[in-house]
Number of protein chains: 2
Amino acid sequence: MSTRTGPKLAMLEQFAAVAKALANAHRLDLLELVAQGERGVEALASAAGLSVANTSQHLQVLRRVGLVVSRRNGPQILYRPSDDDVIALIGALRRTAERHVAEVDRLLRGWFHEKDALEALSRDDLVSRMKDGLITVLDVRPPEEYAAGHIAGSVNIPLRDLRQRLDELPPGTEVVAYCRGPYCVLAYEAVATLRDRGLEARRLEDGFPEWRAAGLPVDAVVN
Amino acid sequence: MSTRTGPKLAMLEQFAAVAKALANAHRLDLLELVAQGERGVEALASAAGLSVANTSQHLQVLRRVGLVVSRRNGPQILYRPSDDDVIALIGALRRTAERHVAEVDRLLRGWFHEKDALEALSRDDLVSRMKDGLITVLDVRPPEEYAAGHIAGSVNIPLRDLRQRLDELPPGTEVVAYCRGPYCVLAYEAVATLRDRGLEARRLEDGFPEWRAAGLPVDAVVN
DNA sequence: CGTCTATTCAAGTCATCTATTGAATGATTG
DNA sequence: CAATCATTCAATAGATGACTTGAATAGACG
């Protein structure tokens, strides 16, 4: 592109291009949003708090390096992550940041207070508990996201409705709540609410995108 | 930092900061160089083909987000990756780029011609073969890098000296050559040279940083 | 076939990044 | 304690990125 560069640098420039696409908080946000299930530009724009034009441009940056793909469905264009590598990459980025950036640590502490104490259940643990059938898996995301895809066998009660709909949960079983990913507060809040009401509740360590990326069973609500 | 942002965006901004540090070909180059073993700024500058001041600034960008750490040793300041997460992150970046960016594919093809045909040995395979003791592990990197750290039990013959020093290789054993990483050409060249001379030779699929990051046995030449 | 809608493009502005230069720092060595 | 060396800082010019605005596209649907 610029001056004379060897083949090695040319390759590294391609890697750098992918990193550059990840190097913006709004794009990471969009990436996590599309990882919940494919969505149109306008929905993404309002979820991310951006203008439509700006969202479109960010999405194109992501598409240019192959992090997302798009398809037309009727009037709108739906975006989704190109594959599970992408989720793994974001996970690696998150892990490194968590480990090394002091600021992340501070934010986590302030954000989650000591909610970390609510022990999280790993994916593997959840899988084996589900086999026993003694737990209820609770998806606390909004209905649209649940419809786009959720853990097979989970029930959907959005966090905001949880208090009123407690009776929909089978009594006497432990509840495992999950939402969008490792930093999604919804699941924390849900567990806090449920314990408040005397239910046995824990949260899943990570969220739906990781579950799907791991190849575990997923359901969607067909329209 | 800029306008009012919620805690979620603040967190994503930290992730983005790490990605931003990776979003430059020279910094990725430096990162791979320090992954070979810790080195001073001047050595890194000349290896990367950059000015010393510029190299220093790039290294500080990497240090600011915790991707590398530095320590003073006599007159110079030595840099190294902060830990194995960093190498995993670069690997994830590389895998995503390989998979999605058509340009990388093109470069790989042009660079390695059909050398890919020289089947590579995975780390696990190498470990089990080493137990049998029937192979010679050959490190073809420059002596400084070998001294800074190498696969335990490997012998060091830099590629440029290989032709003259063939007799140092135990006869009758298969040779497995490795160098800096998945894209390091040295190992490819070495295998080609060795096969030319009628020896049985293969290359290790990845390089020394990956080996060390996997927690496999490493030796260094003490000074 | 024209209208509508979702999305994209183009242009402009302000901010941030890169690489260069030359000077400043600060630990080590005599 | 002064000289030396490796490294870092400061200031700059040119390039690239982010977001806004308003116009253009291109399917979908009557």
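In the text below, chain A, chain B and the rest are named by the order of the sequence lines, each starting its count at 1.
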Just list the side-chain donor-acceptor pairs under 3.5 Å for residues 63-70 of chain B, sequence neighbours left out, or say none.
unit_1	atom_1	unit_2	atom_2	d
B:Arg63	NH1	B:Ser70	OG	2.7

What protein N or O atoms touch nucleotides 28-30 of chain C N or O atoms at under 3.5 angstrom, if any, and at what distances?
none

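Across all their heavy atoms, A:Tyr178 and A:Ser154 have their closest contact at OH-OG, 3.4 Å. In terms of heavy atoms, A:Leu186 sits closest to A:Leu159 at CD2-CD2, 3.8 Å. Minimum heavy-atom separation, B:Met130 to B:Trp211: SD-CH2, 4.1 Å. A pairwise comparison of heavy atoms in B:Pro81 and B:Ala35 identifies CG-CA, 3.7 Å as the closest pair.
Along DNA chain D, read 5' to 3', the first and last nucleotides having any atom under 4.0 Å from a heavy atom of chain B are D:dA6 to D:dA10.
Rounded to a whole Å, the CG atom of A:Leu9 is 14 Å from the P atom of C:dT18. Following rounding to the nearest Å, A:Arg39 (CZ) and C:dA6 (P) show an atom-to-atom distance of 16 Å. Put simply, CD on A:Gln76 is 10 Å from C1' on C:dT5, counting in whole angstrom units.
Scanning for side chain to side chain contact (heavy atoms under 4.5 Å, CB included) contacts around B:Glu144 gives B:Pro142, with sequence neighbours left out. In this structure B:Tyr79 satisfies the side-chain hydrogen bond (donor to acceptor under 3.5 Å, both in side chains) test with no other residue, sequence neighbours excluded. Shown here are the side chain to side chain contact (heavy atoms under 4.5 Å, CB included) partners of A:Ala214, two or more places apart in sequence or in another chain: A:Arg123, A:Leu216. For B:Gln76, the side chain to side chain contact (heavy atoms under 4.5 Å, CB included) partners two or more places apart in sequence, or in a different chain, are B:Leu78. Judged as a side chain to side chain contact (heavy atoms under 4.5 Å, CB included), and not counting sequence neighbours, the contacts of A:Ala152 are A:Pro217, A:Asp219.
Defining each end axis of the helix from C:dC1-D:dG30 to C:dG30-D:dC1 as the rotation carrying four pairs' C1' atoms onto the next four, with five pairs an end, the two axes are found to diverge by 30° to 10 degrees.
Considering only side-chain N and O atoms, A:Tyr79 lies under 4.0 angstrom from the phosphate OP1 or OP2 of C:dT8.
Residue pairs meeting the ring-ring contact (aromatic ring centres under 6.0 Å, His included) criterion with at least one partner in residues 13-44 of chain B, sequence neighbours excluded, are A:Tyr183-B:Phe15.
A side-chain donor-acceptor contact under 3.5 Å links A:Gln36 to the backbone of A:Arg180.
Within residues 18-33 of chain A, no residue is approached by DNA chain C to less than 4.0 Å at the level of any non-hydrogen atom. Applying a 4.0 Å cut-off to non-hydrogen atoms, the residues of residues 40-60 of chain B that approach DNA chain C are B:Ser51, B:Ala53, B:Asn54, B:Gln57, B:His58, listed by residue number.
A:Glu42 CD: 12 or fewer foreign heavy atoms inside a 6.0 Å radius. Other residues, nucleotides and ligands contribute over 12 non-hydrogen atoms within 6.0 Å of the CZ atom of B:Arg165.
Side-chain contact, B:Glu189 with B:Thr193: no donor N or O sits under 3.5 Å from an acceptor N or O.
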